[in-house]
Amino acid sequence: MTEFFAANYNGPAFEYLGTAHLAALGTLVLLNLLLFRFKHASDGTKTTVRWLLALVLLANEVAWHYWSYISGTWTIQTMLPLHLCSVLVWVGAWMLLTKSYRIYEFMYFMGIAGAIQVLATPDLGIYGFPHFRFFQTFISHGLIVTAAIYMTVVEGFRPTWKSMLRVAIWMNIYAVIIFFVNSYIGSNYLMINHKPELPSLLDLLPEWPIYILYMELIGIACMLLLYFPFAVKDVWSSYFMNRDNASRLERISK
């Protein structure tokens, strides 16, 4: 048990696309597929599931902060809830408890896009399976995705074109604020002030500040991709509605 929480972990390091990584991703996929079973559940059951997801999100995040504190790695430069996924854990729990649509918009676009990138390429270093940080990372980011999917599939929420506009505007405002916070306390939340010290996908992009424009374009592309199923659904529904109206007019004219 001491090794499970050890700061200087002596177990196996994280292996990208290794057995443990693929197993974790597979488990999250199965969890989200199981959500479809609650689509026609009672309101009481849906409320219970939402509260359970919210409590797990919060407990997992609090445990991470506590572990960082007792292991001596907690600093205001790295552990304030200012990174996108850290913010979304807290507001995502609130969304689940209150069914807030405005928060849902951010969870759907920014939560799914951001968390999936972390799940695909987690920066875990020496903390491979079965260390606490391994489980904490996949639970945290996995449930961000799950919360957004649950509200979409089970509670019937859906984004709109205006949702994308609101998310884009507020994310840019937030990024500007975080830039000045970073400059003041010497942090790099949102990776907005400079590229990460460790190797990352941002190394493939031009230097600061040009890479921020690329991040903007990538964000817009992700939102469009996530909205695509709803756009297709709207076009499909509009087509059949127009066809049905035309058929009724044709019958009336006869």
Side-chain angles (χ1 to χ4, degrees), residues 25 28 31-32 35 50 53-54 56-58 60-61 64 78-123 136-155 157-182 187-193 195-196 200-202 205 211-231:
L25 295 177
L28 292 172
L31 172 63
N32 284 281
L35 294 179
R50 286 191 288 106
L53 290 173
V56 172
L57 264 174
L58 293 175
N60 185 66
E61 191 73 1
W64 178 42
T78 59
M79 291 299 296
L80 292 180
L82 297 178
H83 273 306
L84 182 59
C85 287
S86 294
V87 174
L88 291 177
V89 164
W90 297 101
V91 299
W94 183 250
M95 174 200 69
L96 288 165
L97 297 177
T98 64
K99 299 176 68 173
S100 168
Y101 179 77
R102 285 292 177 257
I103 295 177
Y104 164 78
E105 294 175 322
F106 289 87
M107 290 294 291
Y108 184 81
F109 286 119
M110 294 291 98
I112 293 178
I116 283 180
Q117 292 181 50
V118 175
L119 292 169
T121 58
D123 181 21
Q136 181 274 325
T137 297
F138 283 98
I139 291 173
S140 176
H141 296 87
L143 290 190
I144 288 175
V145 177
T146 298
I149 293 178
Y150 180 85
M151 296 304 292
T152 304
V153 173
V154 179
E155 299 292 349
F157 285 26
R158 59 153 292 176
T160 65
W161 289 109
K162 289 183 178 180
S163 298
M164 282 196 291
L165 181 61
R166 279 190 291 267
V167 169
I169 291 173
W170 281 108
M171 279 305 304
N172 277 278
I173 293 173
Y174 181 67
V176 171
I177 295 172
I178 295 303
F179 174 82
F180 288 106
V181 172
N182 287 336
S187 57
N188 191 32
Y189 294 108
L190 298 186
M191 298 175 289
I192 201 77
N193 289 61
K195 292 183 181 181
S200 71
L201 293 177
L202 292 183
L205 302 180
Y211 77 82
I212 297 175
L213 298 177
Y214 282 78
M215 290 172 64
E216 289 266 7
L217 294 175
I218 292 171
I220 293 172
C222 288
M223 286 198 293
L224 289 172
L225 183 62
L226 286 168
Y227 189 74
F228 181 73
F230 297 99

Do [X] and [Y] have side chains that get closer than 4.5 Å, going by heavy atoms?
| X | Y | result |
| --- | --- | --- |
| Leu57 | Ile139 | no |
| Met107 | Met151 | no |
| Val87 | Tyr174 | yes |
| Phe138 | Leu25 | yes |
| Leu224 | Met164 | yes |
| Met95 | Arg102 | no |
| Glu105 | Pro159 | no |
| Val145 | Ile149 | yes |

Can you confirm whether more than 12 heavy atoms, excluding those of Trp90, are under 6.0 Å from its CH2 atom?
yes

Decide side chain to side chain contact (heavy atoms under 4.5 Å, CB included) for Ile116 and His141; before the verdict, give the C-alpha distance in whole Å, the side-chain angles of both, and the deciding distance to 0.1 Å.
CA-CA 7 Å; Ile116 283 180; His141 296 87; over 6 Å; no

Spacing of [atom1] belonging to [X] relative to [atom2] belonging to [Y], to within rounding of 0.5 Å:
| X | Y | atom1 | atom2 | value |
| --- | --- | --- | --- | --- |
| Cys222 | Gln117 | SG | CD | 5.5 Å |
| Tyr189 | Leu82 | OH | CG | 5.5 Å |
| Arg166 | Lys162 | CZ | NZ | 7.5 Å |
| Leu225 | Ile218 | CG | CD1 | 13.0 Å |
| Thr146 | Asn32 | OG1 | CG | 3.5 Å |

With distance as the sole test, does [X] use its side chain to make a donor-acceptor pair with the main-chain N or O of [Y] at under 3.5 Å?
| X | Y | value |
| --- | --- | --- |
| Asn193 | Asn188 | no |
| Thr152 | Ala148 | yes |
| Glu216 | Ile212 | no |
| Tyr150 | Leu96 | no |

Please confirm whether Tyr104 and Tyr101 have ring centers closer than 6.0 angstrom.
yes

What are the two closest heavy atoms between [X] and [Y], and how far apart are they?
| X | Y | result |
| --- | --- | --- |
| Asn182 | Ser187 | OD1-OG, 2.6 Å |
| Phe157 | Lys99 | CZ-O, 3.5 Å |
| Pro81 | Ser86 | CA-CB, 3.8 Å |
| Ala54 | Leu97 | CB-CD2, 3.8 Å |
| Pro122 | Thr137 | CB-CG2, 4.3 Å |
| Val118 | Cys85 | CG2-SG, 4.5 Å |

Evaluate ring-ring contact (aromatic ring centres under 6.0 Å, His included) for Tyr108 paired with Phe230, printing each intermediate quantity in order.
CA-CA 12 Å; Tyr108 184 81; Phe230 297 99; 5.7 Å; yes

With under 30° as parallel and over 60° as perpendicular, where do the rings of Tyr227 and Phe109 fit, or are they tilted in between?
tilted

Test side chain to side chain contact (heavy atoms under 4.5 Å, CB included) on Leu143 and Leu31 and set out the steps.
CA-CA 9 Å; Leu143 290 190; Leu31 172 63; 3.9 Å; yes

With side chain to side chain contact (heavy atoms under 4.5 Å, CB included) as the test, would you mind laying out the steps for Trp64 and Asn60 before giving the verdict?
CA-CA 6 Å; Trp64 178 42; Asn60 185 66; 5.8 Å; no

Between Arg50 and Glu155, is there a salt bridge with N-O shorter than 4.0 Å?
yes

